[in-house]
Amino acid sequence: MNYKKTLNLPKTKFPMKANLAQREPAQLKTWAEDRLYEKIRELSEKENRTPFILHDGPPYANGRIHIGTALNKILKDIIVRSHQMAGFDAVYVPGWDCHGLPIEHNVDKELGPKKKDMSISSIRKQCRKYAGKFIDIQRKEFKRLGVMGEWEQPYLTMNYAYEAIIARECGKFAANGALFRSKKPIYWCSSCNTALAEAEIEYADESSPSIYVKFSVKDDLTDIIPDLGEKKAFIVIWTTTPWTIPANLAIALHPDFEYVAVDTKNGDVLILARELVQSCMELFEITDYEIIADIQASQLEKKVCSHPMYDRDSLVILGDHVTLEAGTGCVHTAPGHGREDHEVGLAYGLEAYSPVDDNGCFTKEVEDFAGQFVFDANKGIISALKDSGALAAQAKMKHSYPHCWRCKQSVIFRATPQWFISMDKTDLRKRSLEEIDRVEWIPKWGRERIYGMIENRPDWCVSRQRTWGVPIAVFYCKDCETVLTDQDTDDRIHDLFKEHGADIWFEKDVKDILSENITCASCGSKEFIKENDILDVWFDSGVSHAAVLEERPNLTWPADLYLEGSDQHRGWFHSSLLTAVGIRDAAPYKAVLTHGFVVDEAGKKMSKSVGNVVAPKEVIDEYGAEILRLWVSASDYRDDIRISQNILKQLSDAYRRIRNTCRFMLGNLSDYDPDTQSVDYESMTDLDKFALHRLFGLLKKGVSAYDRYEFHVIYHSMYNFCTLDLSSVYLDILKDRLYTSYSDSAKRRSAQTVLHIIVNGLARLMAPLLPFTAEEVWKYMPQTQDKADSIHLETFIEIDEKWNNESLGKKWDILLQVRGEVTKALEEARAEKRIGHPLDAVLTLSATDEVYELLDEYLVDLRDIFIVSGVSIIKDQALENAFESEIVSDLSILVQKAANSKCERCWVHDDSVGTVDDHPGICSRCYEQLEKGQLEKGQLEKSDDGSA
RNA sequence: GGGCCUGUAGCUCAGUUUCGGUUAGAGCGCACGCCUGAUAAGCGUGAGGUCGAUGGUUCAAAUCCAUCCAGGCCCA
């Protein structure tokens, strides 16, 4: 007889093969059709849940998503989902950053020469269209990752209402006095007649004049150079841009370098860095010289030199940017023509003097050279210096020089009027630093990072001479340049932008917007200039807290959490903090979480040229989004995280293991109704209680790990639970009970009750990490009265405190340790070919003390626990030829081949096999189950003899 | 060059903080074996680490200190 049919083997339609790449899109479609996200919102509202707001940092609407974007969005989704399941109302509004140079740049390229004939408005329309295209592309990609949110109502920084708020917030900075206009050097292309951004600069080698110039010191230096006598002291500078000499205002020395006075025996004493004396003297062709004094840079600070060409002073200042790599250690400083020059100049109150016009020609301020193109003027300037005796040496030098990306011409650095938000006029810096300490930074070092940046940053330059962005919507007085601050005007601008978008600014004249009776508060003038510069895009995204959190009724200000890569300490966290503190005097977030960057298996950054880039689409197509999510879940994202085929392969193996474990449990629940057939905790076997004890540990750990955003802890615990606690112990032991017991037996129902609790708890725990798989498991779980249509409408399982059974746990820890020794003993016997399957064996265990007591307590269960055909125990006696445990003291295990016949049904070797008349091939236990099982089903007519 | 961070088996992670303390753990992968009633599954056993390097403090260092190397982000 074939007894296999009499067993209760697992039965489920839950597919073993995940087929994620195909199944996921179908699942997404179903969720969308079922309006799952809306249902979650409705449920949350009905239950009046506490909101949890993760505010999305907007990705830039350009290009396809890369693996880093995927990481970021998946992390956000895990957090949103886990908070929803923890009982919050976790609304997620995704956003996009739409303005800015890269889009304008790409549109430029698409338009080509046509652009010249187009109006600002029509170029802006093209940019808007371009951004819209990539928003659609990225939205599809994000949705494909399983990220849930308000995809049909995202926030876009180019939405009219958003643009209106950008202008409004900027206006508030103008009103409170933080916004001011000042000159700052920027890259300028004289041939294209335009300002250039860093990203528009290409570097190429170029040959430039290299000159050394003597600046005579006006102040008396006899204190510093006692042997100076009647000789003249000069500070020598070096530069490769002679045309900036007319704009020289200072000479910078390094505060820590050693300087010396060199007597050149011709009446001059030259001051330069000690380390560079020799090389300079060779250059100057001076062979006879003598160092006559050591000088500290600080001794020269604020001394005054004469400009070598004009009747003007040049101040000696100190700066850390000075190097000894080339030159003299004394740096020619023209604050209008160099970034570092400008910054160090600010500290000494020097102006950004830049007597150069839009065409790159000197203005009329520059005697002798007015109207000359600066590069052409180099020659004349050099000869003028030579004539006046200020030129110490000249040469040519090849070096890397910035060029315009479009016309390839050399660019210049030139100070132009820019708009700034002051860090200090309104105590913005101080207040921001105070706010930083009210925010929770995760990991903790985030605080140091952003604190240092805010502490040291210069004023925020918010103006860009560009087209695609939101204008700095302010007017300033034509006569005195005072910024107009007028609430009515600001309100009107806001309303205009809200209705027409920011384009309106470029289409209207001053008089269209300003009412006629407005006068300058400072000088009474009625003439105003409409600013046409646009705002730094960091300002756009930086005010998202105002444009999104404050505007949408289902969101909160401040947000509970911002979550971005660690580059955003300089970026969005930073700009958001400044705009929020500047206007609202508080940080817009309660906590800030950062993640690292995705690197390759060797820890190197990804780059196209190296060829180590992993694209999300490829991973999704090959493995499924779920594997990408598992990768995010398994990694400690606070550091950089690695990805490679090898890692993905490993995760996909791990996924299969989790999936199969669930499948096996589902298979054993096919005939179980949780509503009517569940067994009370008190009536369960100890093994079942132990399984719940372990589940308790997993769930507690998992839920608290979600709370701390430590998802890799959940992944590892969950995975280890599946393999160690379930697969190799609980489920393995349970097989005999589940298969051989009759369907409705108490022992089987006890096991099924536990299995159902485990799948239920496990599926819910994994739902935020693996939303597709959790839903699939959910679908195949037994129906119950209160089971929601989707697992994502549920919360984490309610953890029953009585599952926590420490004393039982301790007993089973020992039993499992003994079991581990038993498997070793069995393996030894198997290697000696004495047995094959463990059920071929019977065991004799010798133990002492508490181990013996414990084994004695569980004696009848040991056969099941060890999955062998028989176990007997002896106390305090030696066993011949037995396996001696090295881990459990005084434990030895004798493995012998089972002598009894093997039951055809349960495969256990038992002495009752052959004693049942009608069924000579099976054991009495099986016969009993068979009988009860048949009775139950009413299938066995001849069993009504009263024996059952 | 500066600021912040990281480095533990081939891979993913524990252990490092606050308190230095047996032989540094787990799983995967790998090798070998068992089973064929989770079967494109399941079970078992085993081999893998000078804890990035060097120096120091200490009776004792993966853990504390210093320097260096490698890598990442942000500045310059």
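These numbers were taken from a predicted model, which means no experiment stands behind them. Throughout, protein chains are lettered first and strands after them, A, B, ... in sequence-line order, and every chain is numbered starting at 1. What you see below is based on every heavy atom in this structure, not just the backbone, and it leaves out hydrogens, waters and symmetry mates.
- At a threshold of 4.0 Å, the pair A:D736-A:R925 counts as salt-bridged, since one of the basic side-chain nitrogens sits closer than that to a carboxylate oxygen.
- Salt bridge A:E776/A:R23: present, at least one basic N to carboxylate O contact under 4.0 Å.
- Here B:rC32 presents its C1' atom at 15 Å from CD of A:E828, a figure rounded to the nearest Å.
- Between A:E564 and A:K76 there is a salt bridge, since at least one side-chain N of the basic residue sits less than 4.0 Å from a carboxylate O of the acidic one.
- Here B:rG42 presents its C1' atom at 15 Å from CG of A:L738, a figure rounded to the nearest Å.
- Under a 3.5 Å cut-off, the side chain of A:S745 and the backbone N or O of A:S741 do not form any donor-acceptor pair.
- Comment: A:D864 does not engage A:R737 in a salt bridge, judged by the lack of any side-chain N to carboxylate O separation of less than 4.0 angstrom.
- Using a 4.0 Å cut-off between charged side-chain N and carboxylate O, A:D567 and A:R449 make no salt bridge.
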Discussion item. I'd like to know whether A:H595 forms a side chain to side chain contact (heavy atoms under 4.5 Å, CB included) with A:D639, so could you lay out the CA-CA distance, the side-chain angles of the two residues, the decisive distance to 0.1 Å, and finally the verdict.
Written reply: CA-CA 7 Å; A:H595 58 78; A:D639 294 332; over 6 Å; no
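- For the pair A:M16 CE and B:rG37 C1', the interatomic distance rounds to 13 Å; values are reported in whole Å.
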Item to complete: Take nucleotides 69-76 of chain B nucleotide by nucleotide from the 5' end and write B, S or -, depending on whether a protein heavy atom sits under 4.0 Å from the base, only from the sugar-phosphate, or from neither.
Response: --SSBSSS
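- Nucleotide B:rU12 holds its P atom 21 Å from the CZ atom of A:R657, rounded to whole Å.
- Between B:rU16 and B:rU6, the two P atoms lie 14 Å apart (nearest whole Å).
- Relative ring orientation between A:W441 and A:H569 is described as tilted, the plane-to-plane angle lying within the 30° to 60° band.
- Closest non-hydrogen pair, A:L839 versus A:A898, comes out as O-CB, 4.5 Å.
- In this pair, A:F539 and A:W460 present their aromatic rings tilted. The plane angle is within the 30 to 60° band.
- Nucleic acid contact for A:L724: sugar-phosphate only, since backbone atoms but no base atoms lie under 4.0 Å from a heavy atom of the residue.
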Short heteroatom pairs, N/O only, protein and nucleotides 8-11 of chain B, under 3.5 Å:
{"from": "B:rC11", "atom 1": "O2'", "to": "A:Q650", "atom 2": "OE1", "distance (Å)": "2.8"}
{"from": "B:rC11", "atom 1": "O2", "to": "A:Q650", "atom 2": "OE1", "distance (Å)": "3.0"}
{"from": "B:rC11", "atom 1": "O2", "to": "A:Q650", "atom 2": "NE2", "distance (Å)": "3.2"}

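- Taking only side-chain nitrogens and oxygens, A:K4 comes nearer than 4.0 Å to OP1 or OP2 of B:rG37.
- Put simply, the side chain of A:S727 and the base of B:rA38 share a donor and an acceptor less than 3.5 Å apart.
- Residue A:K833 contributes atom NZ, which lies 13 Å from atom P of B:rC32 at whole-angstrom precision.
- Taking the six-membered ring where the residue is Trp, the centroids of A:F413 and A:H337 are separated by 6.0 Å or more.
- At distances below 3.5 Å, at least one donor-acceptor pair connects side-chain atoms of A:S728 with backbone N or O atoms of A:T723.
- The CG-P distance, from A:L734 to B:rC43, rounds to 14 Å in whole Å.
- Heavy-atom distances under 4.0 Å link RNA chain B to A:A634, A:S635 of residues 623-635 of chain A, given in residue order.
- Within the nucleic acid shown, A:K735 comes within 4.0 Å of at least one base atom, counting heavy atoms only.
- Base engagement by A:N660 is indicated by at least one non-hydrogen atom pair under 4.0 Å involving a base atom.
- Across all strands, A:K824 comes closer than 4.0 Å only to sugar-phosphate atoms, never to a base (heavy-atom distances).
- Pair check for B:rA41 finds none; no Watson-Crick or G-U wobble contact set falls under 3.5 Å.
- A:E448 places its CD atom 11 Å from the C1' atom of B:rG3, with the value rounded to the nearest Å.
- B:rG21 is paired with B:rC59 under the criterion used here, namely a Watson-Crick or G-U wobble arrangement in which both key atom distances are under 3.5 Å.
- Distances shown here put every side-chain N or O of A:R737 at or beyond 4.0 Å from the OP1 or OP2 atom of B:rG37.
- Between B:rC4, B:rA38, B:rU45, one nucleotide has an atom nearer to the side chain of A:W445 than all others, and that is B:rC4.
- With a cut-off of 3.5 Å on both pairing distances, B:rU36 has no Watson-Crick or G-U wobble partner at all.
- More than 90° away from 0 lies the glycosidic angle of B:rG25, which makes this nucleotide anti.
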Practice prompt. Kindly indicate, with the supporting measurements, whether the criterion side-chain hydrogen bond (donor to acceptor under 3.5 Å, both in side chains) is fulfilled by A:E626 and A:T773.
Written response: CA-CA 8 Å; A:E626 205 80 317; A:T773 307; 2.7 Å; yes
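- Nucleic acid contact class of A:E904 (heavy atoms, under 4.0 Å, all strands): base.
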Worksheet item: Going 5' to 3' along nucleotides 47-54 of chain B, which nucleotides have protein heavy atoms under 4.0 Å from the base (write B), which only from the sugar-phosphate (write S), and which from neither (write -)?
Response: --------
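- Protein atom NE2 of A:H254 is 11 Å distant from nucleotide atom C1' of B:rG2, rounded to whole Å.
- Two residues, A:R905 and A:R830, neighbour RNA chain B, and the one matched to the more 5' nucleotide by heavy-atom proximity is A:R830.
- Within residues 715-722 of chain A, the residues that place at least one heavy atom under 4.0 Å from RNA chain B are, in residue-number order, A:H716, A:Y719, A:N720.
- Screening A:K824, A:E821, A:Q817 for a side chain to side chain donor-acceptor pair (under 3.5 Å) involving A:S885 leaves a single residue, A:E821.
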Fill in: Intermediate values then yes/no, side chain to side chain contact (heavy atoms under 4.5 Å, CB included), A:L563 and A:Y709
CA-CA 11 Å; A:L563 161 59; A:Y709 309 119; over 6 Å; no
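- If you check B:rG46 for Watson-Crick or wobble pairing at under 3.5 angstrom, you find it paired to B:rC30.
- Backbone-only engagement by A:G836 is indicated by non-hydrogen atom pairs under 4.0 Å involving sugar-phosphate atoms exclusively.
- Pair assignment for B:rG7: B:rC69, on the basis of Watson-Crick or G-U wobble contacts that are both within less than 3.5 Å.
- Between B:rC43 and B:rC28, the distance separating the two P atoms is 9 Å to the nearest Å.
- Rounded to whole Å, the separation between the P atoms of B:rA24 and B:rA66 comes to 27 Å.
- Using a 4.0 Å cut-off between charged nitrogen and carboxylate oxygen, A:K184 and A:D459 do not count as a salt-bridge pair.
- A salt bridge links A:K649 with A:D653: at least one charged nitrogen is closer than 4.0 Å to a carboxylate oxygen.
- Judged by distance alone, the side chain of A:T823 and the main-chain N or O of A:G820 form a donor-acceptor pair under 3.5 Å.
- Both A:I641 and A:T823 lie near RNA chain B, and the one whose nearest nucleotide falls closer to the 5' end is A:I641.
- Nucleotides B:rU8 and B:rA62 are separated by 15 Å at their P atoms, to the nearest Å.
- Sorted by first and then second residue, the salt bridge (charged side-chain N to carboxylate O under 4.0 Å, His left out) pairs with a member in residues 710-732 of chain A read A:R638-A:E710, A:R694-A:D725, A:R708-A:E710, A:D732-A:K735; sequence neighbours excluded.
- Atom P of B:rU67 sits at a distance of 25 Å from the matching atom of B:rA9, rounded to the whole Å.
- Formation of a donor-acceptor pair under 3.5 Å by the A:R830 side chain with backbone atoms of A:G836 is found in this model.
- The ring of A:Y739 does not lie on top of the base of B:rG37; it is either too far (5.5 Å or more) or too tilted (30° or more).
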